[in-house]
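Start at 1 with the first residue, then count along the sequence.
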Amino acid sequence: MKARVTIMPKNGVLDPQGKAIGHALEGLGFAGVAEVRAGKVIELELAETDPAKAQAAAEEMARRLLANTVIESFRVELA
């Protein structure tokens, strides 16, 4: 079973990478981009076949290693 973990900076946390991307887009002539937030996506191939257990395992992985939960939020989607 595949799990996709999407990790983003929490609202209110500075996002220098997002700011740099937004500034670069503006410099390339793309007007109207109000805010850019940059995050990461991690895809996991899990041996688990039970969706509830796979979801719980991926969320635990995100909490313990993949995301810094002080400044980042995450969501897990199963595919």
Supply the atom-to-atom distance Lys2 NZ to Glu43 CD, rounded to the nearest 0.5 angstrom.
6.0 Å

For residues 6-26, which residue pairs pass the side-chain hydrogen bond (donor to acceptor under 3.5 Å, both in side chains) check, not counting sequence neighbours?
none

On a heavy-atom basis, the closest approach of Pro9 and Ala38 is CD-O, 3.3 Å

Between atom CD1 of Ile7 and atom CD1 of Ile42, what is the distance when rounded to the nearest 0.5 Å?
4.0 Å

If you round to the nearest 0.5 Å, how far is CD of Glu60 from CG of Leu65?
11.0 Å

Considering all heavy atoms of both residues, which atom of Gly22 and which atom of Val36 are nearest to each other, and what is their separation?
CA-CG2, 3.6 Å

I'd like to know if Glu77 pairs up with Arg4 as an ion pair, taking the criterion as any Lys NZ or Arg NE/NH1/NH2 lying under 4.0 Å from an Asp or Glu carboxylate oxygen.
no

With hydrophobic residues grouped by side-chain heavy-atom distances under 4.5 Å, do Met8 and Val5 end up in a single group?
no

So for atom CG, which belongs to Leu14, do other residues, nucleotides or ligands contribute more than 12 heavy atoms lying within a distance under 6.0 Å?
no

Nearest non-hydrogen partners of Ala3 and Ala58, listed with the distance
CB-CB, 4.0 Å

Please give me the minimum heavy-atom distance between Arg37 and Val13, naming the atom from each residue.
NH1-O, 3.1 Å

Output all residues satisfying side-chain hydrogen bond (donor to acceptor under 3.5 Å, both in side chains) with Arg63, sequence neighbours left out; order by chain, then residue number.
none

If two hydrophobic side chains count as joined below 4.5 Å and joins carry through other members, does Phe74 share a cluster with Val41?
no

Separation between CE (Met1) and CD (Gln55), nearest 0.5 Å, reads 10.0 Å

